[in-house]
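Here the structure is a predicted model, which is why all the values come from computation and not from measurement.
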Amino acid sequence: MKEEQKEIQEKQPERAGLVGLSCGSLPDFDHSDSDTMAELEQLLETAGGQCIFTAMQNRPTPDPRTFIGEGKAREIAELVRQNQVDLLVFDNEISPSQTRALEEIMQCRVIDRNALILDIFADRAKTSEGKLQVELAQYQYLLPRLSGMWSHLVRQTAGGGRSPIGTRGPGETQLETDRRHIRQRIARLQRELENVRQIRATQRRKRRKREVPLVALVGYTNAGKSTLLNALTGAGVHANDRLFDTLDPTTKSYRMEDGTEILISDTVGFIRKLPHHLVDAFKATLEELTYADVLVHVIDASSDIWDSQAQVVERLIEELGAQQTPRIVVFNKCDKMPLDFQPRMTGAVHISAKTGEGLEALLAAIRQTLGRDKIRVEFVLPYARASVLDMLYRDADVKKAEYQEEGIAVEVVCDQQVLGRLYEFVPQYRPKEEWED
């Protein structure tokens with residue numbers, strides 16, 4: 001009976017309260033409002049919790065000790081007691097000392113948005129690389145918060161009572177021991193992730209040698225990037241309607257209509273107030289964006305705050321140093337919106353990854369942005385002009401070169417520039433003049 005009760009308790013979501021501070025002196029990325037609180041509730045549900053109540057506080061500046069002020073803290077503590085809440089989640093980043101003070105007042109666990117996101121990432125990481133990156137971010141988050149976890153600071157000795165010769169003295173506090181172990185673990189994780197970065201660099205060099213362009217899907221979390229990857233490539237990756245459903249990136253090959261091969265990569269979704277140490281830890285993955293040939297910025301057209309979400313993504317792209325990479329803006333989930341109410345942006349493509357609407361327009365935009373609006377042509381090259389074949393091997397994708405009696409039967413995929421050089425062999429393809437673009 002006790003085991004059954006325990007199993008029922010484990011299945012029940014953790015009861016939590018959400019707290020936010022609206023404060024003019026805080027930077028925009030750490031400011032709380034109704035939108036960020038609604039997103040925090042989604043994060044809590046993703047982590048397996050249940051929101052019991054939400055509390056907002058307005059202050060000109062954060063309180064140094066309790067962040068939200070002593071009076072508000074006592075008020076929320078009463079809500080915690082009345083509603084039997086186990087956890088309080090702050091929408092803002094709070095310091096270790098503020099966390100300790102709040103836990104004393106609330107008599108329950110207190111975490112901030114960063115800790116909640118880290119918890120979700122830890123649960124979602126499946127590959128060894130993803131687990132390494134999450135573990136590094138967790139340790140970097142934990143290190144400055146250790147002092148609050150050890151109130152006793154018992155000095156270690158080699159044994160109880162009188163210490164053996166050679167082990168006497170102050171010893172090392174548990175806190176100092178933990179800090180040393182964590183710093184060692186961080187250094188080890190950083191070395192392992194550096195190896196991952198070197199492996200990725202080798203893969204990039206091979207890809208460049210093969211001249212296979214990379215298209216990276218970027219966007220706010222739950223914008224539909226994985227669904228789009230599945231729609232384009234049939235990748236079969238999990239695509240659920242929840243935050244951070246994709247943590248480990250997936251790259252799939254796709255062959256365009258003209259035979260050109262490209263790689264399409266799904267990436268981890270961005271979010272407001274994404275912890276900086278999490279971004280640093282995931283640079284081994286996210287730096288792929290800086291080497292991509294095209295970024296496809298996927299925006300949830302059905303979101304009321306798509307504009308602010310898009311700005312968050314653009315800021316993080318800039319932070320990662322990929323602001324110069326060509327971008328295609330894609331409004332996804334247009335099947336949820338009437339045509340007259342769909343958001344507009346110059347040059348943007350409107351699609352529904354779920355229904356397949358607009359995918360052809362997206363592929364055409366990718367071809368154009370890559371500068372590879374290529375065409376496949378077949379012709380017979382006279383032996384007297386065999387030197388042209390060397391140019392084709394260098395500047396185009398030669399699919400076939402068979403030596404026959406009348407000449408070399410060539411099948412090639414090339415762009416308009418190369419096609420212009422082949423005009424005498426394929427007169428039916430007249431190269432475009434500049435004024436015709």
Is there a side-chain contact between Leu18 and Leu44 (heavy atoms, below 4.5 Å)?
yes

Heavy-atom closest pair (Leu370 atom, Pro213 atom, distance to 0.1 Å) is CD2-CB, 3.7 Å

Check: Gln309 side chain, Tyr220 main-chain N or O, donor-acceptor pair, under 3.5 Å:
no

Would you say that Asp35 contacts Ser308 through its side chain, given a criterion of any heavy-atom pair below 4.5 Å between the two side chains?
no

Looking only at heavy atoms, the pair that brings Ala231 and Leu359 closest together is CB-CD1, 3.8 Å

Min side-chain heavy-atom separation Arg394-Met391 under 4.5 Å:
yes

Can you find a pair of side-chain heavy atoms, one from Asp293 and one from Val215, that are under 4.5 Å apart?
no

Which heavy-atom pair separates Ala47 from Asp119 by the least distance, and what is that distance?
CB-OD2, 4.1 Å

Rounding to 0.5 Å, atoms CG (Leu362) and CD1 (Ile328) come to a distance of 6.0 Å

Verdict with reasoning, Asp91 to Thr36, per side-chain hydrogen bond (donor to acceptor under 3.5 Å, both in side chains)
CA-CA 7 Å; Asp91 190 39; Thr36 64; 2.8 Å; yes

Can you label the angle between the Phe379 ring and the Phe425 ring as parallel, tilted or perpendicular, going by 30° and 60°?
parallel

For residues Pro343 and His350, report the shortest heavy-atom separation together with the two atoms involved.
O-NE2, 2.7 Å

Assess whether atom CG of Asp304 is packed by more than 12 heavy atoms of other residues, nucleotides or ligands within 6.0 Å.
no

Locate the shortest heavy-atom distance separating Ala322 from Leu295; write the atom from each residue and the value.
O-CD1, 4.1 Å

Taking NZ, NE, NH1 and NH2 as the nitrogens, is one of them in Arg315 or Glu318 under 4.0 Å from a carboxylate oxygen of the other?
no

Tell me, please, which residues at least two apart from Asp63 pass side-chain contact (heavy atoms from CB on, under 4.5 Å).
Arg59, Arg65, Thr66

Ile76 vs Met106 side-chain heavy atoms within contact, under 4.5 Å:
yes

If you define the side chain from C-beta out and look only at heavy atoms, does anything of Phe90 sit under 4.5 Å from Ile68?
yes

Is Asp266 salt-bridged to Lys225, going by a charged N under 4.0 Å from an acidic O?
no

Considering only residues two or more places apart or on different chains, which pairs with a residue in residues 181-190 satisfy salt bridge (charged side-chain N to carboxylate O under 4.0 Å, His left out)?
Glu135-Arg185, Arg188-Glu192

Lys354 and Lys336: CA distance, side-chain angles, deciding distance, side chain to side chain contact (heavy atoms under 4.5 Å, CB included) verdict:
CA-CA 10 Å; Lys354 186 177 180 181; Lys336 294 184 177 181; over 6 Å; no

Do Asn332 side-chain atoms and Ala353 backbone N/O form a donor-acceptor pair below 3.5 Å?
yes

